[in-house]
Amino acid sequence: PFLIIIIGAGSLFAANGQKIYPLDSELYEVISYLYIGQGMALPSTAGPYSADELNKMLSRINPDTLDPVSKRFYQQVYDELNRDHKAVTFSFETALEAYLHSNTKDFIHEADWVFGYAERKPLLSITLETQLNNNIYGFSEFRLSPTKYTDYDEGTGELISSYFGSQIVGSNLFFIPPGKIMDLDLSFPFRAFGAFGGDGWSVQIGRDKLSWGPGTTGNFMLDDHLRYHNMGRFTSYTKNFKYSLVTSFFPHPKQYYPDGNNLTVPGILAARERWQGQILDGLYMFLGHRLEGRLFNDKVGLAISESIMYQSEENLLDLRILNPAMFYHNYYIRANANSLLAFELDYSPIPYLNIYGQVAVAEFAMIVEPAPGTDKNA
């Protein structure tokens with residue numbers, strides 16, 4: 001990709017502590033490597049992150065103990081987090097990509113490609129960033145790019161796309177065959193939100209990617225495989241602890257599984273015809289909270305997360321569900337909710353080595369409860 005033009009407006013002021021850096025931010029990646037190189041447990045693995053939080057992560061590192069290369073990276077991160085910003089910044093990028101391969105038979109699905117949908121750049125990306133003062137931040141990104149899937153296999157019901165292997169030569173130019181103008185993804189913006197906060201806390205409301213955990217190929221409870229969450233997020237952090245509360249809202253299952261039996265794409269499309277005059281009802285939401293801590297002189301990181309998927313066919317929200325201090329497993333309402341518990345541990349025994357693991361618990365029966373598989377009431 002290459003940058004076409006950047007236009008800025010507004011007066012300069014001090015660095016904005018509430019600027020939100022995305023999950024794939026190089027700043028967080030560098031900080032993580034610096035922690036491991038120092039023999040420290042990973043910084044918080046619940047992202048995204050505000051500039052204030054990244055600054056506090058960076059402050060735990062003593063630059064005098066770093067080698068010259070690490071010290072240079074440390075300084076680059078520090079300078080970026082503390083540089084002045086304009087009140088309003090408008091920019092756009094364009095990227096032209098072409099894909100060439102000879103096998104149009106065996107690699108026709110997105111999962112077959114190393115350079116998949118998530119790695120491909122949009123044809124055009126337009127960004128608006130607002131930083132009115134040190135406590136308020138806004139971001140919007142509009143993309144013009146092909147949609148992930150353009151069709152489905154009538155035999156298997158599997159989603160397919162003309163942009164993955166159906167032609168020897170392809171590109172992100174959706175208006176050039178085999179693409180067509182109707183392939184334009186109209187789900188934008190993919191990243192758009194407002195954020196505010198202060199020293200040691202942040203609130204973010206809008207669309208952004210979320211992730212809880214250190215996994216590089218995935219996490220059990222909350223992972224970045226979705227392009228975005230329509231979410232609200234609150235975080236509060238100190239030197240050794242961090243608390244996160246997240247909500248994320250989705251269409252109710254009856255909007256896309258109205259039949260309940262035929263779950264192929266043709267079955268879903270034929271089960272109910274939709275039109276603009278119909279009201280979309282039903283509530284379906286994720287609610288999770290997470291506590292992270294650092295132990296044993298920064299050698300061990302521990303995180304406990306609990307979440308609930310809550311749904312209501314009548315579009316009603318039981319306010320008891322929003323209790324941020326609740327033990328969600330005690331909401332035993334099988335028709336409306338399902339909970340999940342996850343534990344994470346990472347340990348840096350020596351510099352440059354970090355070991356991590358995750359355990360997730362969906363359901364289990366206590367000794368005094370009916371035994372699953374043998375008792376009809378279990």
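By convention here, the first residue in the shown sequence is residue 1.
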Residue pair [X] / [Y]: nearest heavy atoms and the distance that separates them:
{"X": "Ala46", "Y": "Lys242", "answer": "O-NZ, 2.8 Å"}
{"X": "His289", "Y": "Leu245", "answer": "CB-CD1, 4.0 Å"}
{"X": "Asp208", "Y": "Pro48", "answer": "OD2-CG, 3.6 Å"}
{"X": "Tyr117", "Y": "Pro146", "answer": "OH-O, 3.2 Å"}
{"X": "Thr147", "Y": "Tyr163", "answer": "O-CD1, 4.5 Å"}

In terms of side-chain geometry, is the basic nitrogen of [X] or [Y] positioned less than 4.0 Å from the acidic oxygen of its partner?
{"X": "Glu129", "Y": "Lys86", "answer": "no"}
{"X": "Asp185", "Y": "Arg143", "answer": "no"}
{"X": "Glu110", "Y": "Arg120", "answer": "no"}

Next item on the list: Give a yes or no on whether Phe327 atom CZ has more than 12 heavy-atom contacts from other residues, nucleotides or ligands under 6.0 Å away.
Entry: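 Yes, the 6.0 Å shell around CZ holds more than 12 heavy atoms from other groups.
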
Margin query: Counting only heavy atoms not in Glu26 (residues, nucleotides, ligands), do more than 12 fall under 6.0 Å from its CD?
Written below: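 Not buried by this count: 12 neighbours or fewer within 6.0 Å.
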
Next item on the list: Under the side chain to side chain donor-acceptor pair (under 3.5 Å) rule, what do Ser171 and Glu97 come out as? Steps first, then yes or no, please.
Entry: CA-CA 5 Å; Ser171 74; Glu97 292 184 348; over 6 Å; no

Check: So, do Phe249 and His229 have ring centers that fall under 6.0 Å from each other?
Finding: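 No, the ring of Phe249 stays outside the 6.0 Å limit from the ring of His229, centre to centre.
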
Check: Strictly under 6.0 Å, is that where the ring centroids of Tyr28 and Tyr49 end up?
Finding: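 Ring centroids of Tyr28 and Tyr49 are less than 6.0 Å from each other.
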
